[in-house]
Number of protein chains: 2
Amino acid sequence: MRQQINIEPKGLHIDPIAILEDSGHRPTSQRCTLARLLQTRHEGFTAEEVCKALPEIGRATIYRTIKLFLSAGVLCKLALPDGAPKYALSRPDHHHHTVCVKCGTISEFRDGTVERVLRALGSEIPGQIVSHRMELYLICQACLDGTKN
Amino acid sequence: MRQQINIEPKGLHIDPIAILEDSGHRPTSQRCTLARLLQTRHEGFTAEEVCKALPEIGRATIYRTIKLFLSAGVLCKLALPDGAPKYALSRPDHHHHTVCVKCGTISEFRDGTVERVLRALGSEIPGQIVSHRMELYLICQACLDGTKN
DNA sequence: CTCATTGCAAATGGTTTGCATTGGG
DNA sequence: CCCAATGCAAACCATTTGCAATGAG
């Protein structure tokens, strides 16, 4: 558990709107509303969940804004075991995600060992590695403890 | 916490139809045709590609058969960087995949170090790890060499 | 005034489903 | 015969797009 990030370190905090403005986009009310929601949702969310949570914003806008945040690096896109897309706030440092297959909660971890291994693999595998995807699926402690539902 | 590692005493070759019959399904001509195709396609394929390659078989049957093979463990499902699903023949030993982002070719690799790291992570992360997903995206040697298109 | 942004509704693309038909055991 | 398996087309569902309306600078 030592490397698991459960609290939000102030220094790592991301301001989605500031980043948006930096890349030449307007901080519209819809985008701000969405950004505010993102920051409360450490457990991640699907596009559909956002649509339900913010019915006053059009579907198209929500999808467009998620894309915008993705390309700005504010969000990262990850995949459930069945491949369904889910989104979570990005941290500035590189990390990977764990997804609870029972309650869906997303956490993140970073481990230098993983990074080292990935780098080492780069020299063993022909071709030029451009990126990777890695997600751990687990049953989280809360679900194991039965402290949820 | 436990990684699922198949230790298969037999060779590396899988017989999709035999496995199918073992699980109580019929070796129909469509399924055999599909299975034959799979075994020539080490670079993986999308459902749509199979439909094009086998126009004489109905879409529904192809999708149903892929699902069948997935649940029988004959195929594994992996994801392109954008999350689009792609399928590849399963090997009995545990492995991971590389996907060329240029030509789409899928290869596999197996690295004890990766497995060790994953196991080690299991003890550091709260909760019970049930599975994981890991794909390396790269530009394959052939594409780097310009020997393709 | 202009142009980025939005909302709606229609279009899309991949996958699934209902149902009548087929065919192997 | 029987029932699993198939094919077709319609349904489905998440996501995208066309376009006219809006609104911030």
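Order of the sequence lines fixes the chain letters, A, B, ..., with proteins taken first and strands second; residue numbering starts at 1 for each chain. All values reported here derive from a predicted model rather than from experimental measurement.
- For B:R31 and C:dG24, the CZ to C1' distance is 12 Å, given to the nearest whole Å.
- Contacts between chain A and DNA chain D, taken as any atom within less than 4.0 angstrom of a protein heavy atom, begin and end at D:dA14 to D:dG23.
- A donor-acceptor pair shorter than 3.5 Å can be found between the side chains of A:H96 and A:H132.
- Not one N or O on the side chain of B:R133 forms a donor-acceptor pair closer than 3.5 Å with the backbone of A:R133.
- Along DNA chain C, the nucleotide closest to A:P55 and the one closest to A:L68 are compared, and the more 5′ of them pairs with A:L68.
- Note on B:R26: every side-chain N or O is 4.0 Å or more away from OP1 and OP2 of C:dG25.
- The backbone N or O of B:I106 lies less than 3.5 Å from no partner atom in the side chain of B:K86, so there is not a single donor-acceptor pair.
- A:C76 has its side chain out of reach of A:Y87: every pair of non-hydrogen atoms, C-beta onward, lies at least 4.5 Å apart.
- Between C:dG24 and B:T28, no contact under 4.0 Å exists linking OP1 or OP2 to a side-chain N or O.
- Rounded to an integer number of Å, the gap from CZ of A:F69 to P of C:dT5 is 12 Å.
- Judged purely by atom type and a 3.5 angstrom limit, A:S131 has no side-chain atom pairing as donor or acceptor with the backbone of B:Y137.
- B:Q39 places no side-chain N or O within donor-acceptor distance of the main-chain N or O of B:R36, the cut-off being under 3.5 Å.
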* To do: Go along nucleotides 12-17 of chain C 5' to 3' and tag each nucleotide: B for a protein heavy atom under 4.0 Å from its base, S when only backbone or sugar atoms are that close, - otherwise.
  => --SBBB
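- Tested against A:L20 for a side chain to side chain contact (heavy atoms under 4.5 Å, CB included), the candidates A:D15, A:T65, A:L68, A:V74 yield a single pass: A:L68.
- To the nearest angstrom, C1' of C:dT6 lies 14 Å from CG of A:L34.
- Remark: B:E21 engages no residue in a salt bridge (Lys or Arg N to Asp or Glu O under 4.0 Å) (not counting sequence neighbours).
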